[in-house]
Amino acid sequence: MAKRTRIKDLLNTTEFNIPVTVMGWIRTFRNNQFLAINDGSCINNIQAVIDFTNTDEALLKRLTTGASVSVIGDLIESLGKGQRVEIKVTTLEILGDSDAEKFPLQPKKHSLEFLREIAHLRFRTNTFNAVFKIRHALAFAVHQFFNEKGFVYMHTPIITASDAEGAGEMFRVSTIDPDNIPRNEDGSINYKEDFFGKATNLTVSGQLEGELAAMAFGDVYTFGPTFRAENSNTTRHLAEFWMIEPEMAFYDLNDNMDLAEELLKYVIRYAIDNCAEELDFLKNRLLEEEKIKPQAERSELDLLTKLNFCLENNFERLTYTEAIQILRNSKPNQKKQFKYLIDSWGADLQSEHERYLVEKHFKKPVILTNYPAEIKSFYMRLNDPDDQGRTTVRAMDILFPGIGEIIGGSQREERLEKLEQRMDDLHIPKEEMSWYLDTRRFGSAPHAGFGLGFERLVLFVTGMTNIRDVIPFPRTPKNAEF
Ligand code: 4AD
Ligand code: MG
């Protein structure tokens, strides 16, 4: 094919009266002469002007929204208002027709729910162009951050036999014929007959394997898909999501929090510096959307102000115990407005509580630490019991405005005996995890790590409100279209 120039580059050029080739999809065709073409390289279209008196009538009729075209012409400074440059077309070719009657994306605003149902076209909207450009930039920034710090990118397995979180929310992986299930004498499924010779599942987290790598490389991270069969139909949960999980030897909980805060600030800064156009578009989109909301429900800060605010402030760090005190005395608790009232130490925090702390009380990102052992995973390091005999673990959750929990992490239990005791208490089979426990047998070391939910990060940076709209092909309960 002829070499094409990206529209993004043409819109920024200062070289005029040169022949250029542009390929893209028609957004609109006005007055039989003005073609707005978009090639996905940026939100903006380029205008191509057609000399319709010298163009075949039948060809003009095929210039419909969605059709893909190749145009060759001279790039000139635009005579009209609204654009700096335009193409004076000399050759026009239609690469792929688009039936105007059937094309579902008309040049008007569509609801995000509607667009989710036509996933192949939703990429062609300005909103999703901006969202997925930012998603790309954030992924790149994550790798750059860790690369600059000398971390090793480790690929942990997608198929595994372990339940890293011990929460039992796993998708089974099996080649067993459901119509002919091999059984043991007691009637249970005989997984020895299965593909891997044992029961396997899609990973819920790469952490445990990451810990093995950290015990050799020092500083590692994973960035891959993770799967949770939790039946949470919310705007914050996906059944398939991407997670960034660094794991560091010789780190304690404070080092862990410092790294997490630095990472979040770094990638947000990267998006501000590299996605100005996309963020500006999404900022205005949000303002537009909020106009129809009652004053009380509108956000206090616009998107960019909110992002910058995050960079300029230290995250508020406090313990779970301190948070419970604040929540217990809070207005919504006293007035019984919380769905789950906080009456005693040990309660698990619901998103209403997390959001109260972040959005109402501190009005900035918050890091909660030292949760009760009962409500956290087996691998977290036990603290000594406090003066009231309560046991906590060195966990940390980072809570963000509008999002709730964006990061979950901890210092790990590196003492073999304590870890085995915890596993026994929680009925986690030690025999199957001996590959993991070996790290505590041979040169165990203090270490820590965390998991950043990538879609929750993209949600925050783009200001979108539903997590389904920041992943190209969302998987949620009862939904695996496309
Ligand atoms: O808090 P979680 O479950 O922690 C872990 O998986 C640890 N193994 C991480 C570690 O220490 N290496 O999950 C971590 C983060 C959450 O804070 C949240 O941002 C995101 O992953 N997350 C989800 N995102 C979308 N959909 C879901 N269903 C999610 N579950 C967790
Ligand atoms: Mg968590």
Side-chain angles (χ1 to χ4, degrees), residues 135 138 142 146 151 154 156 160 162-171 202-214 219-248 251 253 256-257 259-260 263-264 267 320 348-351 353-354 358 365-369 371-372 375-381 393-400 402-413 436 447-461 464 466-471 474-477 479:
R135 185 179 165 108
L138 288 169
V142 164
F146 285 117
F151 279 57
M154 209 39 88
T156 50
T160 164
S162 72
D163 177 2
E165 288 305 296
E169 294 167 331
M170 300 170 298
F171 289 100
L202 294 177
T203 186
V204 296
S205 157
Q207 177 195 322
L208 303 190
E209 291 89 351
E211 283 186 57
L212 265 72
D219 300 319
V220 301
Y221 71 105
T222 72
F223 186 172
T226 48
F227 308 86
R228 304 241 170 133
E230 53 186 331
N231 207 356
S232 308
N233 230 328
T234 78
T235 54
R236 307 277 174 268
H237 289 88
L238 290 163
E240 175 178 307
F241 65 99
W242 289 65
M243 187 155 50
I244 296 127
E245 294 184 276
E247 194 67 36
M248 297 74 63
Y251 262 53
L253 190 62
N256 205 25
M257 288 191 276
L259 184 77
L263 167 66
L264 286 168
V267 297
Y320 166 90
D348 204 353
L349 300 185
Q350 306 295 327
S351 78
H353 309 128
E354 298 178 342
V358 174
V366 166
I367 313 185
L368 290 187
T369 59
Y371 284 74
I375 58 172
K376 287 289 181 189
S377 300
F378 71 94
Y379 49 72
M380 298 183 176
R381 194 180 200 282
V393 284
R394 275 184 214 172
M396 64 144 188
D397 275 6
I398 302 193
L399 314 177
F400 258 39
I403 304 291
E405 181 191 332
I406 195 167
I407 280 183
S410 73
Q411 186 174 333
R412 317 306 189 192
E413 182 55 83
Y436 175 70
H447 64 290
F450 60 85
L452 164 61
F454 187 53
E455 283 74 21
R456 295 202 183 163
L457 171 68
V458 183
L459 204 52
F460 179 73
V461 175
M464 299 295 281
N466 192 320
I467 200 163
R468 294 166 179 83
D469 292 325
V470 299
I471 186 164
R475 270 84 182 90
T476 49
N479 171 50

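Basis for what follows: all heavy atoms, side chains included, without hydrogens, waters or symmetry-related copies. Numbering of ligands and ligand atoms starts at 1, following listing order.
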Task: Per-atom contacts of ligand 1 with R236, taking only distances under 4.0 Å to non-hydrogen atoms - done: 25 (C), 26 (N)
TODO: Would you check if there is a donor-acceptor pair between the side chains of Y436 and E209 at a distance under 3.5 Å?
DONE: no
Open item on the list: Any atom of ligand 1 sitting under 4.0 Å from a heavy atom of K376?
Closed with: no
Open item on the list: Check this for me, if you would: do E455 and R135 make a salt bridge, where the nitrogen-to-carboxylate-oxygen distance has to be below 4.0 angstrom?
Closed with: yes
- [ ] Classify the side-chain pair T234/S232 by whether it contains a donor and acceptor separated by less than 3.5 Å.
- [x] no
TODO: For the residue pair R228 and T226, confirm or rule out a side-chain donor-acceptor distance under 3.5 Å.
DONE: no
Task: Residue portion contacting ligand 1 (non-hydrogen atoms closer than 4.0 Å) for F450 - done: backbone
TODO: Taking the side chain as every heavy atom from C-beta outward, state whether L457 and L138 have any atom pair closer than 4.5 Å.
DONE: yes
Open item on the list: For ligand 1 and L238, I'd like to know whether there is a polar contact (N/O to N/O, distance under 3.5 Å).
Closed with: yes
Open item on the list: Just to be sure I'm reading this right: ignoring hydrogens, which of E245, E165, R412 gets closest to atom 11 (O) of ligand 1? Compare them by their nearest heavy atoms.
Closed with: R412
Task: For the Mg ion (ligand 2): protein N/O/S atoms at distances below 2.8 Å - done: 1
Task: Contacts of type side chain to side chain contact (heavy atoms under 4.5 Å, CB included), residue D219, not counting sequence neighbours - done: F151, M248, Y251
TODO: Before signing off on this row, confirm whether H237 and ligand 1 have an N or O atom pair separated by under 3.5 Å.
DONE: no
Open item on the list: Any carboxylate oxygen within less than 4.0 angstrom of a Lys/Arg side-chain nitrogen, looking at K376 and D348?
Closed with: no
TODO: Have a look at ligand 1 and work out which part of D397, if any, has a heavy atom under 4.0 Å from it: side chain, backbone, both or neither.
DONE: neither
TODO: Decide if the gap between the ring center of Y320 and the ring center of Y371 is smaller than 6.0 angstrom.
DONE: yes
Task: Any side-chain heavy-atom pair of D397 and I407 under 4.5 Å - done: no
- [ ] Indicate yes or no: at least one non-hydrogen side-chain atom of N256 is less than 4.5 angstrom from one of M396.
- [x] yes
Open item on the list: Looking at L253, is its backbone amide N or carbonyl O close enough to the side chain of Q411 to form a donor-acceptor pair, meaning the two atoms are under 3.5 Å apart?
Closed with: yes
- [ ] Starting from atom 24 (N) of ligand 1, locate the nearest protein heavy atom and write down its residue, its atom name and how far away it is, to 0.1 Å.
- [x] F241 CD1, 3.5 Å
Task: ligand 1-proximal atoms of Y379, by part, heavy-atom distance under 4.0 Å - done: side chain
Open item on the list: Regarding Q207 and E211, do their side chains bring together a donor and an acceptor under 3.5 Å, going by distance alone?
Closed with: yes
Task: Shortest protein contact, atom 18 (C) of ligand 1 (heavy atom only) - done: R456 NH1, 3.6 Å
Open item on the list: With a 4.0 Å cut-off on heavy atoms, is R228 in contact with ligand 1?
Closed with: yes
Open item on the list: Which of the numbered atoms in ligand 1 are under 4.0 angstrom from any heavy atom belonging to I407?
Closed with: 17 (O)
Task: For atom 14 (C) of ligand 1, the protein heavy atom that lies nearest, with its residue and separation - done: M243 SD, 3.4 Å
Open item on the list: Do I467 and P474 have side chains that approach each other closer than 4.5 Å (heavy atoms only, starting at C-beta)?
Closed with: no
Open item on the list: Any heavy atom of E247 closer to ligand 1 than 4.0 angstrom?
Closed with: no
- [ ] Taking the side chain as every heavy atom from C-beta outward, state whether R381 and S410 have any pair of such atoms under 4.5 Å apart.
- [x] no
Open item on the list: I need the R236 CZ to I406 CD1 distance, nearest 0.5 Å.
Closed with: 10.5 Å
TODO: Considering only non-hydrogen protein atoms, determine which one is nearest to atom 15 (C) of ligand 1 and report residue, atom name and distance to 0.1 Å.
DONE: G451 O, 3.6 Å
Open item on the list: Is it the case that the side chain of E245 and the backbone of G206 share a donor-acceptor pair, with hydrogens and angles ignored and the cut-off at 3.5 Å?
Closed with: yes
Task: Within-cut-off N or O pair, S410 and ligand 1, under 3.5 Å - done: no
Task: Atoms of ligand 1, numbered as shown, that sit under 4.0 Å from any heavy atom of G409 - done: 11 (O)
TODO: Pick one of side chain, backbone, both or neither for how E405 approaches ligand 1, counting any non-hydrogen atom pair under 4.0 Å.
DONE: both
Open item on the list: Under 4.0 Å from a heavy atom of E230: which atoms of ligand 1 are those, numbered in the order shown and with their elements?
Closed with: 27 (C), 28 (N), 30 (N)
Task: Protein contact of atom 20 (C) of ligand 1 - nearest heavy atom, named by residue and atom, plus distance - done: G453 CA, 3.6 Å
TODO: Using a 4.0 Å heavy-atom threshold (strictly under), name the region of I406 that reaches ligand 1: side chain, backbone, both or neither.
DONE: backbone
Open item on the list: With nothing but distance in play, are any N or O atoms of I467 less than 3.5 Å from an N or O of ligand 1?
Closed with: no
Open item on the list: As a quick check of understanding, evaluate ring-ring contact (aromatic ring centres under 6.0 Å, His included) for F146 and F223, giving each step before the final call.
Closed with: CA-CA 11 Å; F146 285 117; F223 186 172; 9.0 Å; no
